[in-house]
Amino acid sequence: MTRSMRPAADRAREPDRLGHMSTTSDSAVRAYINVHREEFLDDLAAWLRIPSVSADPERAADVRRSAEWLAGRLTATGFPTAEIWETDGAPAVFAEWPSGDPSAPTVLVYGHHDVQPAAREDGWHTDPFEPQTVDGKLYARGAADDKGQVFFHTLGVRAHLAATGRTAPAVNLKLLIEGEEESGSPNFPALIGKHATRLACDAVIVSDTGMWSKDTPTVCTGMRGLTDCQIDLYGPDQDIHSGSFGGAVPNPATEAARLAAALHDEDRRVAIPGFYDDIVELTDSERELFAELPFDEPEWLRTAHSHAALGETGHSTLERIWARPTAEVNGIGGGYQGPGGKTIVPSAAQLKLSFRLVAGQDTAAVQQAVRDWAAARLPDGIRHEITFWGATRPCLTPLDHPALQSVVRAMGRAFGQKIRFTREGGSGPAADLQDVLGAPVLFLGISIPSDGWHAPNEKVELDLLMKGVETAAHLWGDLAENWRVA
C-alpha cells in the first residue's frame with residue numbers, strides 16, 4: 001500500500017470519512033483515564049494473579065487460563081473478535097476491531113501474556129503473584145513484562161473512542177498476544193505463518209519494550225538479531241600423554257583457544273570474512289540523536305558489574321550495544337578441569353559463540369561465513385562440527401517513517417516533552433513479524449530499567465503506565481490522519 005501525507009493544519013480540522021473528528025482532545029483523554037483508572041488497575045491485578053509461567057510444564061493450565069482471561073477482557077472492551085489461537089505449545093490470543101473506514105491503516109499490536117518464573121524465596125518482598133501497590137509502583141511478576149504493557153491498550157482504545165465520539169477505532173486494530181515469549185517463542189514463526197492472512201497489516205506496534213528513564217521518554221527504533229552456535233573440536237581418539245605426544249599432534253583445546261583469539265582484529269572488529277557485508281551503517285544524524293541521551297558511563301558500568309568499557313574502535317558505547325554487530329565467546333572448554341594437573345593432550349574441546357546482528361545482515365549468510373572461517377583456520381587432524389541453534393533477524397525502522405512519527409507525536413502529547421530515540425541491543429520475535437507480514441515494526445513501551453524484568457520485585461510505575469494508556473489513546477487517530485491509503 002502507498003500512503004499520502006496531508007498538512008498538519010488541515011488534518012487538525014478534517015473529519016474522517018465516517019464524519020468523525022479523529023483528533024483526540026488531551027483533556028478528554030485524561031478525564032476518561034482518570035475516571036476509569038481504578039477499575040483498570042483492579043482488572044490488571046486480577047490478570048497478574050494468574051501465574052502464567054510458560055517455562056514450567058506444571059503451569060500450562062495457568063498459561064491457558066491467562067489467555068482465556070485476556071480474550072474475555074478484550075471482548076468486554078469492545079473487540080468484536082477475540083480468539084484463542086492454539087500452537088504446539090502455549091496458546092496465543094488474537095483480537096480484531098475493524099475501523100469501518102476503507103482507507104484506514106491496519107495496525108497489529110504485539111505482546112505476550114506469559115511471564116518468567118517467580119517465587120518468594122527468590123528474593124521477592126511479597127508473593128510475586130499477589131500484586132501490591134507501594135508508593136505509586138505496582139509490584140508483581142508481569143507488571144511490566146509484559147501484562148501491564150499489553151493491558152494499557154485496552155483502556156487506551158476506550159479513551160480514544162470516548163474522546164473522539166467514535167464507535168470503532170480510527171484504524172483497523174488487531175492484537176496478537178503470544179504465550180511463549182519467555183520460553184523463546186518456539187512456535188511463534190509457525191503461528192504467524194499459519195495466520196498470515198488474518199494478521200496482515202500496515203504496521204506492527206510492539207509493546208514489549210521500554211524507555212531510557214522516567215525523565216527521558218524514548219522510542220526504540222530497532223533491535224539486533226541473533227545467531228549462536230557451538231563448535232565441537234575433535235583431535236586424538238582419546239586423551240593422550242602430553243610428554244609422549246604433545247607438540248607433535250594437534251590439540252583441540254589449543255585450536256579452540258586459537259579460534260577464540262582470532263575472532264577479532266586489533267581494533268576489536270569481528271575478523272570473520274564477509275561478516276560486515278551489506279550492514280546498514282549509522283548516519284551522522286543517528287549518532288547525534290544517541291549523543292543527546294543522558295548516558296552516564298560509570299553508572300552503566302556499575303549496572304554491567306564491569307570495570308571498563310571496551311569494544312570496536314571508533315564507536316561509542318551506545319553505538320556498540322545498539323547499532324554494531326558483535327561476536328562473543330560465551331564459553332570455552334575441553335580437557336582436564338579437576339584439581340591439580342593432568343598432563344594430557346585432550347581428545348575434544350568446545351567453543352560456544354553468539355553473534356548479534358544489525359540491519360542488512362542475513363542470518364544464513366553469517367552462519368555460512370562462520371562455517372567457512374572455522375574450516376579455513378583449523379589444521380589437518382582436527383575434525384569439527386558446528387551446530388547453530390536458530391536465528392533471529394534484526395529489525396530497524398527508518399526515523400522518517402510516517403508511522404514512527406505518529407508514535408513519537410502520540411508519546412509527546414502524553415508526556416508533554418520531547419521524545420528521543422534508542423535502540424535495543426537484545427533480540428526478540430519482532431523480526432519474525434516484520435519478515436512474515438512485510439510490515440514495519442514500531443516499539444511503544446513505557447517500562448524503565450529499574451522495573452526489574454525477570455528479577456525479583458518486578459514492578460511498573462503507575463504514572464508511566466497511565467502515560468502508556470494516554471499514548472495509545474492518541475496514536476490511533478494520529479495514524480489514521482497521517483498515514484492513509486492513497
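We count residues from 1, following the sequence as given.
- In this structure, N172 contributes its side chain and S99 its backbone to a donor-acceptor pair below 3.5 Å.
- Side chains of V270 and T326 form no contact here, defined as non-hydrogen atoms less than 4.5 Å apart.
- Of the possible polar contacts, one joining the Q149 side chain to the T209 backbone as a donor-acceptor pair under 3.5 Å is found.
- Here the shortest heavy-atom pairing between L444 and S207 reads O-OG, 2.8 Å.
- Take E182 and apply the salt bridge (Lys or Arg N to Asp or Glu O under 4.0 Å) test, not counting sequence neighbours, and it matches no residue.
- Judged by distance alone, the side chain of T106 and the main-chain N or O of D202 form no donor-acceptor pair under 3.5 Å.
- For the ring pair (Phe, Tyr, Trp, His ring centres under 6.0 Å) with Y110, the qualifying choice from F188, F443, F94 is F188, the only one to do so.
- Although no hydrogens or angles enter the test, the distance criterion places no donor-acceptor pair under 3.5 Å between the side chain of T216 and the main chain of S213.
- Between R393 and D432 there is no salt bridge, since none of the side-chain N atoms of the basic residue sits less than 4.0 Å from a carboxylate O of the acidic one.
- Smallest separation of non-hydrogen atoms from L357 and P325: CA-CB, 4.5 Å.
- We find the CZ-CG distance between R141 and D122 to be 8.0 Å, quoted to the nearest 0.5 Å.
- Looking only at atom types and distance, the side chain of T283 has a donor-acceptor partner in the side chain of E286 under 3.5 Å away.
- A salt bridge links R324 with E281: at least one charged nitrogen is closer than 4.0 Å to a carboxylate oxygen.
- Between the side chains of Q405 and N482, no donor-acceptor pair of N or O atoms lies under 3.5 Å.
- Smallest separation of non-hydrogen atoms from W373 and L353: CZ3-CD1, 4.3 Å.
- Using modelled atom types, one side-chain atom of D265 and one backbone atom of D267 make a donor-acceptor pair closer than 3.5 Å.
- Ion pairing between R409 and E481 fails under the 4.0 Å rule for side-chain N and carboxylate O.
- At least one donor-acceptor pair under 3.5 Å links the side chain of H113 to the backbone N or O of P91.
- Residues satisfying the side chain to side chain donor-acceptor pair (under 3.5 Å) test with W300, not counting sequence neighbours, are none.
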